[in-house]
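Just so you know, ligand 1 is whichever comes first in the structure, and atom 1 is the first atom listed for that ligand. Fair warning: this is a prediction, and the values are worked out from it, not measured in the lab.
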Amino acid sequence: MPSWYHDRTEVPSPRPPPSGRREAAVVIVGGGFAGLNTALGLAARGVRDVVLLEAKSIGFGASGRNGGFVFAGYSLGERALLERAGPERARALYARTVDAVNLIRQRIAALAIDCDAVDAGVVWANWFRDQAVLRSRQRLLAEHYGADWQWIPEGAMHEFVRSARYHDGLYERNALHIDPLAYARGLASAAERAGVAIHEASRVRMLERNGPRWVLRVGDAEIETPQVVLACGGYLAGLDRTIDRAVLPIATYVMVTEPLGDRLRECLRTRAAVYDTRFAFDYYRPLADTRLLWGGRISIRDRSPRAVQRLLKRDLARVFPSLKEARVEHAWSGLMSYARHEMPQVGTHGNGLWYAQAFGGHGLAPTCAAGEALADAIAAGESRMAMYDGFGLDPVHRPFGYLAAQGTYWKHELGDWFKSRLEG
Ligand SMILES: Cc1cc2nc3c(=O)[nH]c(=O)nc-3n(C[C@H](O)[C@H](O)[C@H](O)COP(=O)(O)OP(=O)(O)OC[C@H]3O[C@@H](n4cnc5c(N)ncnc54)[C@H](O)[C@@H]3O)c2cc1C
């Protein structure tokens, strides 16, 4: 199910799988943002002989299909993060994603990555009349995280986002939106220029221990290395049971409309990306050629493009009734990986096997932060990894975990529906 991102650009020349036997200093499995950021981080720290293996093509997974919002924070909300990690560590963890947003911006410029970056912030639009949720998040961010999100009163909100669905909003200025596939491909090219060997169509089918080293098998090829990083997100690697069974793959959906011309401007008078305050929120952003990219829903089911389109068109018409008849040209789904604690799992078994996964639906900045932390740890033994302690590899107990996740989703969806009805 190719995304609009895949369809609109030329497919880069494939990078052939490895052959024969070889050795490497570090092998990274997974060509999404977690793997690519780690590869680039290692190369930047002078580590030579890094190999990255991707089962399909660079950005095939969530990284090349997502909404393209680059913003701070994690899937776990800031209040829950504060409760679970305590004030000091929560602040440091959050700050790491702010640094990552800045690093992504810098990399796009320094590496001249042509990914349609729009540095215009992100709006959190209030679906409800009740202002308390916005006010309390704004206060929490300012007091505990040093983040200054601006309040947008209802009148101003309707100037920017012309939908009767919303009331007021919050504006996160230090955020951007990008074509994530173009960005992933740009990172891959930069990593290659820095000496990383990248192989596509290279599913690692076996990982085993040979004395103090690891052996990875890809087709008939064999790579031996002291350090392996598993970064396979919701597209489970199937190589280490403890790592695989700690995440739940969850689907979410995106579609792109035809170019809307003036109809887009009638709905959106901002270049910022927008999402709303419900648990199962809509998220969308204007594209350069007046298309609208629209995403939403969370499901344990990976639906067909036609089903995705049907669901999302209904959501779009609820927010912008004037776009009810807009033609949808692309619709697709992607798998996110969730841990029970909703935070990334970044760490090591202590025997040269590292992992970076469970970035959920909020992965662009956190994968960048994780790549930097892993690169530091592997290259210099420096331990910024301790920051992620306490967010470990708790098993998700598939298939029961799916039922629990679906139950939670329905519960929150129903809660939001009731709140909406009560407000009239
Ligand atoms: C539809 C959608 C919208 C989203 N929107 C946003 C957003 O707007 N902003 C945001 O911050 N986050 C968003 N996210 C989340 C974000 O995309 C992810 O958190 C992030 O991309 C995860 O990166 P990753 O590298 O961990 O996983 P992935 O990008 O999924 O990469 C994993 C890779 O591992 C490969 N692989 C698996 N097994 C093997 C194997 N055995 N051998 C070799 N390779 C293997 C897969 O082929 C895959 O390419 C969204 C996610 C989805 C699905």
Side-chain angles (χ1 to χ4, degrees), residues 1 3 5 17 27-39 51-75 97 100-101 104 122 175-181 183-184 187-188 198-207 216-219 228-240 243-244 247 249-255 273-275 281 283-285 293-299 302 308 312 331-338 344-346 355-371:
M1 194 192 304
S3 69
Y5 307 122
V27 177
I28 298 164
V29 186
F33 288 132
L36 290 166
N37 281 308
T38 308
V51 173
L52 185 147
L53 302 166
E54 162 54 47
K56 304 276 188 179
S57 54
I58 290 300
F60 167 83
S63 301
R65 310 161 182 244
N66 64 51
F69 287 44
V70 182
F71 48 1
Y74 298 90
S75 281
T97 62
V101 170
I104 291 171
V122 167
L176 53 151
H177 56 93
I178 59 171
D179 171 335
L181 180 64
Y183 181 59
L187 289 183
I198 298 183
H199 300 281
E200 295 173 306
S202 300
R203 170 170 297 283
V204 179
R205 58 183 173 78
M206 200 179 283
L207 171 71
L216 296 101
R217 288 185 218 285
V218 179
V228 177
V229 181
L230 296 187
C232 295
Y235 296 79
L236 309 179
L239 298 172
D240 180 280
I243 293 175
D244 262 13
V247 290
I250 299 274
T252 174
Y253 312 127
V254 182
M255 68 177 187
V274 182
Y275 66 118
F281 51 83
Y283 51 93
Y284 51 92
R285 59 191 184 90
L293 180 142
W294 184 280
R297 309 262 173 164
I298 309 165
S299 174
D302 202 2
V308 168
L312 294 188
W332 66 91
S333 69
L335 292 176
M336 308 172 285
S337 65
Y338 272 92
Q345 295 163 331
V346 185
Y355 50 85
Q357 60 181 12
F359 295 95
H362 204 127
L364 262 146
T367 48
C368 176

Nearest heavy atom to [atom]: which of [options] does it belong to?
atom                    : options              : answer
atom 23 (O) of ligand 1 : A273, S57, G30, S63  : S63
atom 38 (N) of ligand 1 : W332, Y275, Y235     : Y235
atom 1 (C) of ligand 1  : T252, L36, I28, L364 : T252

Closer than 4.0 Å to some heavy atom of [X] - which atoms of ligand 1 meet that?
X    : value
A231 : 32 (C), 34 (O)
F60  : 47 (O)
L53  : 43 (C), 44 (N)
G32  : 25 (O), 29 (O), 31 (O)
F359 : 19 (O), 26 (O)
G334 : 53 (C)

Mind checking whether [X] has an N or O less than 3.5 Å away from an N or O of ligand 1?
X    : result
A356 : no
A34  : yes
T367 : no
G67  : yes
M336 : no
V254 : no
V204 : yes
A365 : no
F69  : yes
Y253 : no

Going by heavy atoms, is [X] under 4.0 Å from ligand 1?
X    : value
Y283 : yes
S202 : yes
Q357 : no
G295 : no

With a 4.5 Å heavy-atom cut-off, do [X] and [Y] have their side chains touching?
X    : Y    : value
V254 : N66  : no
F33  : C368 : no
Y74  : P344 : yes

Do the two ring centres, one from W332 and one from Y5, sit under 6.0 Å apart?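 Close enough - the centres of the two rings lie under 6.0 Å apart.
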Aromatic centroids of H362 and F71 separated by under 6.0 Å: yes
